[in-house]
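Chain letters run A, B, ... following the sequence lines, proteins first, then strands; residues in each count from 1. All heavy atoms count here, side chains included; hydrogens, waters and symmetry mates do not.
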Amino acid sequence: MSDVVRTRFAPSPTGYMHIGNLRTALFAFLYARSQGGRFILRIEDTDQGRYVEGATDIIYDTLRIAGLQHDEGPDIGGDFGPYVQSQRKGIYRQYAEELVARGEAYYCFCQRGDKETESPEGYNRHCRCLTPEQVKEQLAQGKPYVIRQRIPLEGTTSWDDLVYGTISVDNQTLDDQILLKSDGMPTYNFANVIDDHLMGITHIIRGSEYLSSNPKYILLYQAFGWQMPQYMHLPLINGQNPDGTISKLSKRHGAVSFQALVEEGYLPQAITNYIAMLGWSPKSEQEIFTLDELVALFSVTGIHKSPAVFDYKKLDWVNSQHIAMMTDEEFAAKAHPYAGIDSTPLEDKWPKIASLLKPRVNKLSEVAEKIDFLKQLPHYDVGMFINKKNKSTFESSIRIIDEVLNALDSETQWNEEALYNRLSALAQSLGIKEGQLFWPVRIALSGLMATPGNATDILFLLGKEESACRLKKGVERLKETQTA
RNA sequence: GGUCCGUUCGUCUAGAGGCUAGGACUCAAGAUUCUCAUUCUUGCAACAGGGGUUCGAUUCCCCUACGGACUACCA
């Protein structure tokens with residue numbers, strides 16, 4: 001066979017796509033692409049009990065949206081199919097029996113959970129020494145059985161991990177794991193090895209949680225006399241608890257699935273960028289990358305051994321950087337679904353609104369709340385008109401807003417520039433600074449101390465009528481408060 | 001309990017015997033801006049501990065502590 005690099009992503013269709021899982025897919029993808037190799041998708045559904053309807057589609061969708069396009073897989077075929085393990089059932093039994101024939105595995109008739117043969121230390125290898133006759137007899141009786149791997153009782157097994165270096169383990173610490181379950185399906189551990197070999201996988205990339213079971217996989221390759229692939233174990237992704245402790249990343253830390261993150265308004269390219277940096281470093285000071293740049297820069301030497309903590313704050317920042325890289329048009333299109341302005345007067349002004357929002361949101365889900373005040377004037381505290389820095393008081397606010405109302409009444413060109421020129425000139429003729437004039441205007445228009453965009457932007461967005469209405473209301477409230 | 005893995009600012013990391021231990025996020029302060037945000041400047045903040053090896057250890061070795069993973073007829 002050729003020496004083309006082949007990596008695979010082998011998820012189980014058990015529901016949503018965990019971010020740790022996606023990171024594994026990303027690295028397998030990056031490595032394959034960076035080496036000019038092929039990236040294969042295989043669905044590992046040997047546990048029918050855990051199968052979740054629609055989960056396979058989530059896997060396809062995630063890879064597509066994240067841009068991790070595979071070269072072979074159930075949906076697109078390939079020369080090594082089928083790519084779904086449940087469709088390969090017959091293969092595993094055949095190989096399991098071959099191992100039995102080679103003396104590398106054996107039939108086991110012990111009952112699951114039997115206290116006699118199983119203990120916290122593992123299976124006591126009760127059936128390991130059954131004679132061929134005993135086996136034949138029990139088989140003839142139709143007794144349920146599993147096939148177990150005959151692990152060497154002595155010696156060590158070791159391999160050179162591309163990330164962790166040489167690791168060796170005493171065989172006596174390994175147990176005779178089950179290869180073929182009593183339902184005839186292979187265990188993950190077994191199917192994984194068979195398929196990786198049959199599919200010509202050259203580099204096995206997966207989370208470091210598999211580090212301690214890897215010797216068993218290697219022993220399997222040796223039992224078959226197959227050539228061992230390269231291994232690349234990836235550090236885990238953790239989450240930080242409120243009390244500062246660290247634990248496996250889970251729901252309580254925030255959104256942990258790709259789709260949940262996307263729904264929250266994180267851009268797929270920002271998510272892949274961020275998780276690439278979790279456990280890998282380009283060894284430069286650049287932090288923002290496109291997927292293509294990651295492919296070009298990816299190298300095994302940048303992969304870490306120690307686990308990383310997922311930091312939502314930093315993800316926010318990475319996302320904001322990717323938002324900044326978009327054109328205004330792209331951003332407007334992506335953010336529109338989050339705005340909630342369909343068939344409102346604001347709809348026509350969306351391009352302008354989006355351009356104001358673009359530098360002000362970290363994630364798309366923040367869009368709606370930021371423009372609520374445009375849809376409806378919020379209830380606000382009249383005290384906001386008072387601002388020491390601008391020497392703004394109730395009296396000055398009333399006077400200024402009245403003047404503004406007056407000036408705008410005759411304004412026919414309702415655009416930001418005209419509005420600004422008009423009000424700027426007004427401030428000058430009143431002998432006050434722009435800031436003094438705009439402060440009460442913005443409060444009355446928005447009911448907020450801080451708004452995306454300045455007072456003239458808001459005037460423009462609200463339109464002449466609504467603006468006048470809000471300004472008048474502001475004056476009314478100021479007068480009420482004054483007399484009260 | 002056993003096996004394996006890990007340990008640089010709060011977090012992500014650079015560093016591969018000699019550096020004022022660098023960058024980023026967060027946080028704080030300042031500049032700019034009609035508010036806010038953006039942008040820019042500045043600041044706070046780290047080599048887990050103990051032994052070695054060495055002229056010299058963040059860096060190499062050992063021990064301890066702490067953290068994590070695995071220890072299913074789950075993947």
Visitor: Distance check needed: B:C74 C1' versus A:R112 CZ, whole Å only.
Guide: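 Atom-to-atom, A:R112 to B:C74, this comes out as 11 Å.
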Visitor: Take the protein atom OH of A:Y231 and the nucleotide atom C1' of B:A69, then report the distance between them rounded to whole Å.
Guide: 18 Å
Visitor: State whether A:T187 places a side-chain N or O below 4.0 Å from either non-bridging phosphate oxygen (OP1 or OP2) of B:A72.
Guide: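 No, A:T187 has no side-chain N/O under 4.0 Å of OP1/OP2 on B:A72.
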Visitor: Mark yes or no for a side-chain to base donor-acceptor pair under 3.5 Å between A:K248 and B:A69, with no hydrogen or angle criteria applied.
Guide: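 When only heavy-atom distances are counted, A:K248 does not reach the base of B:A69 through any donor-acceptor pair under 3.5 Å.
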Visitor: Any donor-acceptor pair under 3.5 Å linking the side chain of A:Q138 with the backbone of A:V135?
Guide: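 Side chain of A:Q138 to backbone of A:V135, a donor-acceptor pair under 3.5 Å: no, none is there.
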Visitor: Could you tell me the separation between the CG atom of A:D311 and the C1' atom of B:C25, rounded to a whole number of Å?
Guide: 6 Å
Visitor: What's the CG-P distance between A:N319 and B:C12, to the nearest Å?
Guide: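 To the nearest whole Å, that distance equals 20 Å.
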Visitor: Quote, to the nearest angstrom, the C1' distance that separates B:C27 from B:C62.
Guide: 40 Å
Visitor: What interatomic distance, in whole Å, is found between P of B:C12 and the corresponding atom of B:U54?
Guide: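 Here B:U54 and B:C12 have their P atoms 36 Å from each other.
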Visitor: Any side-chain N or O of A:K283 below 4.0 angstrom from OP1/OP2 of B:G15?
Guide: yes
Visitor: Please confirm whether the shortest side-chain N or O distance from A:K313 to OP1 or OP2 of B:C25 is below 4.0 Å.
Guide: no
Visitor: Please check the phosphate of B:C74 (OP1 and OP2 only) for any side-chain N or O of A:K181 closer than 4.0 Å.
Guide: yes
Visitor: Within less than 4.0 Å of OP1 or OP2 of B:A14, is there a side-chain N or O belonging to A:H304?
Guide: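 It does, given that an N or O in the side chain of A:H304 lies less than 4.0 Å from OP1 or OP2 of B:A14.
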Visitor: Using a heavy-atom cut-off of 4.0 Å across all strands, would you classify A:Y210 as base, sugar-phosphate, or nothing?
Guide: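 Base, at least one base atom sits under 4.0 Å.
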Visitor: Does the B:C36 base have a donor-acceptor partner in the side chain of A:T451 within less than 3.5 Å?
Guide: no
Visitor: Between the base of B:C34 and the side chain of A:T456, is one N or O donor paired with an acceptor at under 3.5 angstrom?
Guide: yes
Visitor: If you measure from the C1' atom in B:U7 to the same atom in B:U20, how many Å do you get, rounded?
Guide: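 Those two atoms are separated by 25 Å.
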Visitor: Is it the case that the base of B:A72 and the side chain of A:Y123 share a donor-acceptor contact (distance under 3.5 Å, atom types as modelled)?
Guide: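 Counting by modelled atom types and ignoring angles, no donor-acceptor contact under 3.5 Å is found here.
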Visitor: Roughly how many Å apart are B:G18 and B:C60, using the P atom of each and rounding to a whole number?
Guide: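 Approximately 12 Å lies between the P atom of B:C60 and that of B:G18.
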Visitor: Please state the P separation for the pair B:U59 and B:G49 - nearest whole angstrom.
Guide: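 Here B:U59 and B:G49 have their P atoms 10 Å from each other.
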Visitor: Just how far, in rounded Å, is C1' of B:U11 from NE2 of A:H253?
Guide: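 Distance check: A:H253 NE2 to B:U11 C1' gives 13 Å.
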Visitor: Has A:R23 got its NZ or CZ under 6.0 Å from the middle of the six-membered ring of A:F27, at an angle within 45 degrees of the ring axis?
Guide: yes
Visitor: Quote, to the nearest angstrom, the P distance that separates B:U58 from B:C73.
Guide: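 Each nucleotide's P atom is 48 Å from the other's.
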Visitor: Between P on B:A72 and CZ on A:R148, what's the gap in Å once rounded to a whole number?
Guide: 10 Å
Visitor: Quickly, which of A:Y217, A:Y188, A:Y231, A:Y164 forms a ring pair (Phe, Tyr, Trp, His ring centres under 6.0 Å) with A:Y210? Name it, please.
Guide: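 Only one option passes, and that is A:Y188.
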Visitor: Rounded to whole angstrom units, what separation is found between the CD atom of A:E285 and the P atom of B:G23?
Guide: 7 Å
